[in-house]
Amino acid sequence: MTTPNEFWKLLRESALVPNEQLSDLHSKYQKIAPAKTSAVDGDVDAVAKWLIKQKAITVYQARILLRGRKGPFNFGHYQVQDRIPGGPLKGWFQARHHKTGHPVILHFLAGDECQQPRFFGSIIQRVKAFAAMRNPHIWRIYDLVHEPSYRCVVLQDEIIRTPEIQSLTQRMDATARLNEVEACSIAWQAAQALQQLHQRGVVYGHLTPNSIWLDENDQVKLLPFFDQIHRSLKLPADEENQTLVLAADYMAPELQLPDANLKITTDIYSLGAILYFMLTGMQPFPGGSIADKMALHANEPIADLSAFGVSEPITQLINYMMAKQTATRYQSASEVADKLATVLPSKMQSPPQHSDLSQSSLEFEAAI
C-alpha cells in the first residue's frame with residue numbers, strides 16, 4: 001500500500017506538476033490535514049482526492065500513482081489524462097498538449113508488424129494523407145509521434161468535443177435496425193468522406209461499423225485505424241487475427257485472392273455491406289471463420305431486403321455496391337453518394353458546420 005509520503009514522492013517523479021506548484025500544494029495540504037495524520041500510515045486516498053479536487057491531477061493519474069507507479073504520463077508534447085476503458089477505442093489515451101492545453105487522443109502503435117520498416121512506412125503515408133484533410137466527415141488527424149521507445153498517432157479528441165459521439169457498432173447495439181432515411185444518410189456521409197480519400201489516392205481498406213462514428217445528430221466522422229493491416233488476406237494465418245475476423249463480415253470477396261489489391265471498389269463493397277447491416281440489423285453473411293465468410297461473399301446472394309421493408313431502389317443500390325465482380329459495382333464513391341442523395345430530404349443534405357476553430361485549436365495547430 002502506497003503511503004502519503006511515497007505518493008507525494010511519486011507525484012514529484014512523475015513530472016505531472018511543476019516542482020514549485022507541487023511544493024505549494026504540499027504545504028497547503030499539510031495545513032488542512034488532520035493533526036494525527038501520519039506521512040507513513042495516513043489516508044493516502046484523502047491526499048489523492050484533495051489533489052483531484054484542486055485539479056492538480058486527474059482521476060486516472062491518481063489511480064496510477066496509488067498503485068505505486070510514477071507513470072509514464074508525458075510523451076513528447078503531450079500529457080496523458082485518462083485511458084479510454086471500452087468500445088472500439090479501448091486502450092487509447094486522452095491527453096493534453098503541454099503548451100496550449102488542447103485535448104487530443106493518443107493512439108500508440110504496438111505489435112510486431114508496426115515495427116517492420118515497410119509497414120510503418122505505409123502508416124506514415126496514411127497519417128500524412130489524413131492529416132492533410134479538412135473534411136467534416138473525417139476524424140481530424142494531427143500528427144505521428146515517432147520516438148525510439150514509442151510511436152503514436154495524435155488525433156482530435158472528439159469525445160471531449162462531442163460527449164455523445166459513438167461508433168456505428170455501439171449505435172446498432174442499442175437498436176434493432178435503422179430506418180431507410182437514417183441508414184442512407186449515414187452511408188451518404190461516409191461515401192462523401194471516402195470520395196475525398198479516393199481523390200487523394202488513399203483507399204480506406206477494411207471499412208467496418210467501428211470506422212464510422214456518429215454524434216447526437218447522426219453526423220458522421222470516419223475514423224482511421226492506422227495499425228490495422230490494409231492488405232489482402234493471407235489464409236489460414238489471418239484466422240488468428242480477431243480484427244480481420246470481424247472485418248471479414250464487410251470484406252469484398254476478391255480480398256481472399258493472393259496479392260489482391262485494395263481498391264476503390266473494395267471500399268464500395270464494404271460500405272454496401274454496412275448499409276445492409278444498418279437496414280437489417282445483421283451482417284450479410286454472419287458467423288464462421290474468415291474463409292467461411294469469404295466463400296459466402298464470393299458465391300451467395302444477399303438476402304431479400306423487401307422482408308425488412310427496404311425499398312426497391314435501395315435494394316438495387318446495395319446489390320450493385322456488393323456485386324461479386326468488381327466491374328459490376330459502382331466505380332466511385334461519388335456515384336454512390338449521388339444515388340443515396342435521391343432518397344434523402346434536402347434539409348439532410350446541408351453540409352455540417354465546422355466547429356474546430358476555437359482559439360485553443362488555432363494555437364495548438366500553430367504549435368505543432
Side-chain angles (χ1 to χ4, degrees), residues 1-87 89-108 140 142-143 145 147 149-150 152-165 356 358-368:
M1 177 71 176
T2 305
T3 67
N5 246 0
E6 291 168 339
F7 187 88
W8 286 104
K9 183 174 182 290
L10 285 167
L11 181 55
R12 185 177 298 278
E13 292 173 349
S14 73
L16 284 172
V17 182
N19 284 336
E20 185 176 340
Q21 182 185 351
L22 185 58
S23 296
D24 184 51
L25 286 166
H26 187 264
S27 297
K28 286 181 179 178
Y29 185 76
Q30 292 300 104
K31 292 177 182 178
I32 66 166
K36 295 182 181 180
T37 297
S38 166
V40 176
D41 57 5
D43 188 354
V44 69
D45 288 333
V47 178
K49 288 176 182 176
W50 183 81
L51 287 165
I52 292 167
K53 189 175 181 180
Q54 301 302 308
K55 300 188 184 306
I57 58 175
T58 67
V59 172
Y60 170 78
Q61 291 164 351
R63 192 181 306 132
I64 299 300
L65 293 167
L66 287 168
R67 291 175 185 166
R69 294 162 48 199
K70 59 183 178 182
F73 299 107
N74 295 297
F75 296 90
H77 299 297
Y78 306 96
Q79 184 183 96
V80 167
Q81 305 289 297
D82 199 0
R83 185 170 187 171
I84 300 173
L89 306 187
K90 183 179 180 179
W92 296 23
F93 291 90
Q94 292 181 280
R96 288 193 178 274
H97 183 247
H98 281 302
K99 184 176 179 181
T100 65
H102 190 72
V104 297
I105 288 176
L106 303 182
H107 174 34
F108 287 85
R140 184 80 173 87
Y142 291 124
D143 198 9
V145 180
E147 297 292 340
S149 57
Y150 65 88
C152 66
V153 180
V154 183
L155 308 91
Q156 173 70 45
D157 191 343
E158 292 290 347
I159 298 170
I160 287 286
R161 281 168 23 103
T162 314
E164 301 84 359
I165 197 167
D356 193 19
S358 67
Q359 187 62 34
S360 168
S361 179
L362 292 171
E363 289 174 358
F364 169 62
E365 295 205 27
I368 60 170

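For the residue pair G71 and I64, the shortest heavy atom distance occurs at N-CG2, 4.2 Å. Nearest heavy-atom pair, H107 versus L155, reported as atom, atom and distance to 0.1 Å: CB-CD1, 4.0 Å. Nearest approach of V59 to I52, heavy atoms of both residues: CA-CD1, 3.9 Å. The minimum heavy-atom distance linking N74 with S14 is given by the pair ND2-O, 3.4 Å. L106 and C152 get closest at one heavy-atom pair: CD2-SG, 4.3 Å. Scanning all heavy atoms of the two residues, the minimum distance from S23 to R12 falls at OG-NH2, 3.8 Å.
Between L51 and V17, the closest side-chain pair of non-hydrogen atoms is not below 4.5 Å. No side-chain heavy atom of T58 sits less than 4.5 Å from a side-chain heavy atom of D82. Residues L65 and L16 are in side-chain contact: their nearest non-hydrogen atoms beyond the backbone lie under 4.5 Å apart.
Aromatic ring pairs are classed by plane angle as parallel below 30°, tilted from 30° to 60° and perpendicular above 60°; the pair H26 and W8 is perpendicular. Taking the six-membered ring for Trp and thresholds of 30 and 60 degrees, H102 and Y142 have ring planes more than 60 degrees apart, a perpendicular arrangement.
With values rounded to the nearest 0.5 angstrom, H97 atom NE2 is found 14.5 Å from D157 atom CG. A distance of 14.0 Å separates CZ in R69 from CD in E13, rounded to the nearest 0.5 Å. A distance of 11.0 Å separates CD1 in I160 from CD in E158, rounded to the nearest 0.5 Å. The line from CZ of R140 to CD1 of I105 is 14.0 Å long, rounded to the nearest 0.5 Å. A distance of 11.0 Å separates OH in Y29 from CD in Q54, rounded to the nearest 0.5 Å.
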Given side-chain contact (heavy atoms from CB on, under 4.5 Å), test Q21 with L25 step by step and report yes or no.
-> CA-CA 6 Å; Q21 182 185 351; L25 286 166; 4.2 Å; yes
Evaluate salt bridge (charged side-chain N to carboxylate O under 4.0 Å, His left out) for K28 paired with D24, printing each intermediate quantity in order.
-> CA-CA 6 Å; K28 286 181 179 178; D24 184 51; 3.6 Å; yes
Check against side-chain contact (heavy atoms from CB on, under 4.5 Å), I159 and L89 = CA-CA 11 Å; I159 298 170; L89 306 187; 4.1 Å; yes
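Enclosure of atom CD in E20 is not indicated, since only 12 or fewer non-hydrogen atoms of other residues, nucleotides or ligands lie within 6.0 angstrom.
The backbone N or O of V80 lies less than 3.5 Å from a partner atom in the side chain of Q61, making a donor-acceptor pair. Checking side-chain atoms of T2 against main-chain N and O of F7 turns up no donor-acceptor pair under 3.5 Å.
Aromatic ring centres of F93 and Y78 lie farther apart than the 6.0 Å criterion allows.
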